[in-house]
4 protein chains.
Amino acid sequence: MSEQKNQVAETIAEGAEPKRRRGHLRVAAILEAASALFAAQGYDAVTMTEVAARSRTAIGSLYRFFPTKDALADALLGRFKERVDEELAALAREARTLPLEAFADSFVDHALAWAPDRAAALVLIEARSVAGAQRGQLRAALRNRLAEAVAAINPKLSAQEADARAGLLQLIFKMAAANAGEGEAALREIRALARLYLKERVAGG
Amino acid sequence: MSEQKNQVAETIAEGAEPKRRRGHLRVAAILEAASALFAAQGYDAVTMTEVAARSRTAIGSLYRFFPTKDALADALLGRFKERVDEELAALAREARTLPLEAFADSFVDHALAWAPDRAAALVLIEARSVAGAQRGQLRAALRNRLAEAVAAINPKLSAQEADARAGLLQLIFKMAAANAGEGEAALREIRALARLYLKERVAGG
Amino acid sequence: MSEQKNQVAETIAEGAEPKRRRGHLRVAAILEAASALFAAQGYDAVTMTEVAARSRTAIGSLYRFFPTKDALADALLGRFKERVDEELAALAREARTLPLEAFADSFVDHALAWAPDRAAALVLIEARSVAGAQRGQLRAALRNRLAEAVAAINPKLSAQEADARAGLLQLIFKMAAANAGEGEAALREIRALARLYLKERVAGG
Amino acid sequence: MSEQKNQVAETIAEGAEPKRRRGHLRVAAILEAASALFAAQGYDAVTMTEVAARSRTAIGSLYRFFPTKDALADALLGRFKERVDEELAALAREARTLPLEAFADSFVDHALAWAPDRAAALVLIEARSVAGAQRGQLRAALRNRLAEAVAAINPKLSAQEADARAGLLQLIFKMAAANAGEGEAALREIRALARLYLKERVAGG
DNA sequence: CATGAATGAGTATTCATTCAT
DNA sequence: TATGAATGAATACTCATTCAT
């Protein structure tokens, strides 16, 4: 209705930061509910009303903190990105210290550790054309970390080669996460694949 | 294979079987439009009105052929399934005749060949929780064909082992299709991965 | 959701032109209802639901023809502008043929003739900042016609003088319309004022 | 005049009479903010949150002083009415002392003097169907004062005649205020009109 | 049979107002 | 008392689907 609104409050209409304990709890509950719902039904299919109901929040309160469905998604993605970043930093560290096979296993384990949040994140990334920026950032961050790891394992690879390998590792990472719930046999194969690829194409067989 | 064709025909027939050429053209135009739109925007975001407009069909007529948005999606998936099945039957045949490396390459090539339609199909499969049935069928069909191929390559594997390997091949198949447009380097890695996995885990090292 | 929409249908999302008799009737009913409601309650206070109810139209149908509350207002203003234009063209003609006093009376009569629609139009013009364009056009059209009339009555006036006189006549016109329902005495005063001003300041006393 | 002041105070007091300086400042800030916002955007478009933000008041505090949006508007109108009354009382006095032409000019000057506050007041009066009471009061007060002036100028007029003349003067008053910013030429015409009308129809030509 | 009109439940979002700390 | 959080009815608008011509 006017561009002046929110001048005083928040600059980009990011929704109010909670300033009381109660607000923080609310926000957490909302994010939890949203994550589960998005993961289960996809971005479009989830209604704000549903999110409100599941987090036992009045619709108006939901909108106080997340003034838009998109804002809610962005917050979720932001949170996800942070976690990813931490995990991957750890992984890159391990690449320097662990023997190859142990690293391969850890690699898969890290991928599995995500799985829950990942579902929601993936859905959000795919569904919202808007999220182009966020999406790119996430991908790039992930890839760079993996390239670091690759370089640590095999310093002889050129930057380009390392990047290509990182790309494939990224895919394996995704596969692992996507198949987290598919049973022992499936997992075993993925672990095998990870070792195989790391040994032959990364460490340089 | 012929049962499936009938199945597709029946799906469409939920509306009205187009007996004249005109009807066939309409249906084709509609499916084409729908495929493009779904691929570009996702299932939820596409409106029946849009599909009607893009295929230059009156909304009423669209509903004569596809009495439901879901029916439209099902028809599309059916068509897709047919194609997939043919491709994979060919692949299973090649598993028996081609040397392993050549087969690995062909495997990746087949995956790449899909990419275009795959976009729409994937979207539909992911988006519609309803589509459980179709989705399962597709997966299962794909997996069975791959298990056939695995068995052909290494008859010593138990049925369970073969299935687990097929599952992983399926993932590689998806990865290849998903990365169709990512450039030469990425492709080379995928080909390498396919060979590696087929040699070590399927052919049995 | 996409800019391509309506490509086939209407270019600016002006809503569907009715193509059947039924549609024309609908549109007319809607405009009638909207006009009355806007006049009575102001732009903001009127709900689309109200308009739909009063015109016995389903909300969806209302939106078929007027895809926006603003579009509805614009249509109303457009219609109003047309009428105004006709009235004023007639008035300009009379300025050339009628004696001054008769013209003065006719001037007031024309103003009164509007009154009903005017209420709605005025409200719309004032309330919607967006309508800047429309508003300007309306004002300018009105003023030009009046300047024509002034020039016809007293050709000796410079263009600037004529325009200033037209501006005042415009105000009197508005006053007359605004006071349409205020009783005989009020009317008499306005008629007197119109004569007075026309004789002294326009005809040149 | 003093009853009216009380009235205003009471209106505010529906909330809580601010007894300390701090409260007075708050209230003043709020009224200022509200006036500006209403004038710029119209009654409906302004949110209480906006008013709170612009006056740097917490929403809860705003509601302590003005328990309703309507109460806020009423307070504003009350303040406006006071000022109007003073102006007009002065005008009525001048009617007795000034020669006709000077009075005519003063009349227009008074109208122009309002223009700023008038914007908000007008908006409030037009927008709130509820405000019937206030609106009527304002109009009546204005009219009575003008009738006084008319009677002072021409004591021969009957009460009815005086009232009718006052009505027209009221319109001219409005016109003048509304056109405050339209330039010299426009102003000159209005002054001319005021003199004309006062001489011919009020003083009795 | 083709077409455009009709329908109405459902969606994101806003905002006046009340409560709890 | 001042402040931020909570509330939910109301609003503009969408879209799958059905009907009438």
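Chain letters run A, B, ... following the sequence lines, proteins first, then strands; residues in each count from 1.
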Value in whole Å for how far the C1' atom of E:dC15 lies from CD of D:Gln41: 14 Å
Rounded to whole Å, CD of B:Glu50 lies from C1' of F:dA16 at a distance of 13 Å
Applying the side chain to side chain contact (heavy atoms under 4.5 Å, CB included) criterion to D:Leu72, which one of D:Leu124, D:Leu77, D:Val51 satisfies it? D:Val51
Reading nucleotides 5-11 of chain E from the 5' end, what letters show protein touch, with B for base, S for backbone sugar-phosphate only, - for no heavy atom under 4.0 Å? BBBBB-S
In short, A:Ala120 meets A:Phe38 closest at the heavy-atom pair CB-CB, 4.4 Å
Could you write out DNA chain E as dot-bracket? Rules: Watson-Crick or G-U wobble, both distances under 3.5 Å, brackets [ ] for crossings, | for pairs with another strand, dot for unpaired. .||||||||||||||||||||
Using whole Å, report how far CG of D:Leu37 lies from C1' of E:dC15. 15 Å
Just to confirm, is there a sub-4.0 Å distance from OP1 or OP2 of E:dT17 to any side-chain nitrogen or oxygen of D:Tyr63? yes
Answer yes or no: is there a donor N or O on one side and an acceptor on the other, between the side chain of C:Arg26 and the main chain of C:Arg56, under 3.5 Å? yes
Separation of C:Arg21 atom CZ from F:dA20 atom P, in whole Å? 18 Å
NZ/NE/NH1/NH2 to OD/OE distance under 4.0 Å, C:Glu32 and C:Arg79: yes
Counting N and O atoms only, with roles assigned by atom type, does the side chain of B:Thr68 sit under 3.5 Å from a partner on the main chain of B:Ala71, one being a donor and the other an acceptor? no
